[in-house]
Each structure stands twice: as C-alpha cells, then as structure tokens.
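Below is one structure, written out as structure tokens; comments come after it.
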Amino acid sequence: MDEGETFQEAVLKLVMRIPKGRVTTYGRVATEIKGSVHAARAVGQALAKNPHPGVIPCHRVVRSDGDVGGYSGGIAKKIELLRAEGIEIEGRRVKNINEVLFQFSGVGTG
DNA sequence: GGGTGGGCTTGTA
DNA sequence: TTACAAGCCCACC
C-alpha cells in the first residue's frame with residue numbers, strides 16, 4: 001500500500017476493486033496488504049468500521065471457508081446483498097465460492 | 001504517551 | 001464438528 005495510506009484505507013480500496021457478482025476472503029485481502037493471512041482479523045475491523053458504507057462492498061468479503069462470516073448490519077443482510085448479485089448462498093455459506101472468488105492477482109490493470 | 005482488550009479470521013488436532 | 005493458538009489493527013483507559 002502507499003505510505004500515505006493506512007491499513008484501513010488499503011483494505012477499503014482493495015475491497016472496492018471487487019467487481020459485482022464476485023467475492024473475496026479476508027485472508028486474500030490481508031495477504032495482499034500485509035502478506036499475512038492472520039491480518040484477516042484486522043481486515044474485518046477495517047470493514048466493520050468502513051467510513052463509506054455503500055461505497056465499500058464489505059458484503060463481498062467472506063471467510064475462506066465460504067461462510068459469509070459476519071456483518072455489521074446483520075449476516076442475513078449480507079446474504080441478501082450477495083444473493084442480489086447472483087451469488088448462491090446456502091444457509092450461511094457461499095455455494096460457488098470457488099467460482100465467484102475474486103483474486104487480486106492478475107488484476108494489475110490500473 | 002503507554003499498555004491492554006476485542007474483533008465481520010485462519011489453520012491444525 | 002468442536003476447541004485451541006497465532007498475529008494484526010483500532011479504541012479505550
């Protein structure tokens with residue numbers, strides 16, 4: 001991330017790059033920024049406190065297990081948003097997580 | 001200005 | 001499936 005950018009900013013910016021109908025995992029974001037999957041917790045913190053709700057598709061971030069994880073507005077809400085994008089959700093997990101899983105690698109277009 | 005605790009996680013046994 | 005441990009950042013005192 002840029003030196004002037006903070007961890008939170010980096011997370012938000014990265015999540016903003018997630019296209020519609022796609023999702024990513026906390027670990028992916030954490031690895032892209034800190035290179036440590038354990039930073040996933042910090043990623044959740046950044047999203048939980050996203051200063052730009054609506055601009056930051058924090059609902060497109062799920063757990064590596066496919067579970068939608070949590071959501072400040074409610075897990076049910078997160079599921080509804082994902083389904084609204086065409087993502088299949090079963091119970092609290094993404095069925096085609098492997099298909100909608102967005103990868104930052106190879107997206108270096110901008 | 002310094003120290004501690006909690007959180008939208010992950011991986012292994 | 002359940003329980004435990006590791007590492008990261010922000011907020012509070």
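By convention in this document, chain letters (A, B, ...) are assigned in the order of the sequence lines, proteins followed by strands, and residues within each chain are numbered from 1.
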Considering only [options], which nucleotide approaches the side chain of [X] most closely?
X: A/Lys34; options: B/dG11, B/dT9, C/dC9; answer: C/dC9
X: A/Leu47; options: B/dT9, B/dC8, B/dG6; answer: B/dC8
X: A/Ala40; options: C/dC10, B/dT10, B/dG7; answer: B/dT10
X: A/Ala48; options: C/dC8, B/dG11, B/dC8; answer: B/dC8
X: A/Ser36; options: C/dC9, C/dC8, B/dT10; answer: C/dC8
X: A/Arg41; options: B/dC8, C/dA6, C/dC9; answer: C/dA6
X: A/His38; options: C/dA6, B/dC8, C/dC9; answer: C/dA6
X: A/Lys78; options: C/dA6, B/dC8, C/dC10; answer: B/dC8

Whole angstrom value for the distance that separates [atom2] of [N] from [atom1] of [X]:
X: A/Leu14; N: B/dC8; atom1: CG; atom2: P; value: 20 Å
X: A/Ile33; N: B/dT10; atom1: CD1; atom2: P; value: 14 Å
X: A/Tyr71; N: B/dT9; atom1: OH; atom2: P; value: 14 Å
X: A/Gln8; N: B/dC8; atom1: CD; atom2: C1'; value: 13 Å
X: A/Arg92; N: C/dT1; atom1: CZ; atom2: P; value: 13 Å
X: A/Lys49; N: C/dC12; atom1: NZ; atom2: C1'; value: 11 Å
X: A/Asp65; N: C/dT2; atom1: CG; atom2: C1'; value: 13 Å
X: A/Ile79; N: B/dC8; atom1: CD1; atom2: C1'; value: 13 Å

Closest contact, heavy atoms only, A/Gln8 versus A/Ala46: NE2-O, 3.4 Å
Has the side chain of A/Thr25 got a donor or acceptor atom that lies under 3.5 Å from a matching backbone atom of A/Arg28? yes
[X] side chain near [Y] side chain, heavy-atom distance below 4.5 Å:
X: A/Ile56; Y: A/Leu47; result: yes
X: A/Ile18; Y: A/Val23; result: no
X: A/Leu14; Y: A/Thr24; result: no

What is the nucleic acid contact for A/Ser64, judged by heavy atoms within less than 4.0 Å: base, sugar-phosphate only, or nothing? sugar-phosphate
So does A/Tyr26 reach the base of B/dC8 with its side chain, donor to acceptor, closer than 3.5 Å? yes
Under the side chain to side chain contact (heavy atoms under 4.5 Å, CB included) test against A/Ile79, which residue among A/Val68, A/Val62, A/Val94 passes? A/Val68
Give the dot-bracket string for DNA chain B, reading 5' to 3', where a pair is Watson-Crick or G-U wobble with both distances under 3.5 Å, ( ) marks pairs inside the strand, [ ] marks pairs crossing earlier ones, | marks a partner on another strand, and . marks unpaired. .||||||.|||||
Sequence neighbours excluded - side-chain hydrogen bond (donor to acceptor under 3.5 Å, both in side chains) pairs with any residue from residues 74-86 of chain A: A/Tyr26-A/Lys78, A/His59-A/Glu85, A/Arg60-A/Glu85
Please check if A/Phe102 and A/Val11 belong to a single hydrophobic cluster, counting links between Ile, Leu, Val, Met, Phe, Trp and Tyr side chain heavy atoms closer than 4.5 Å. yes
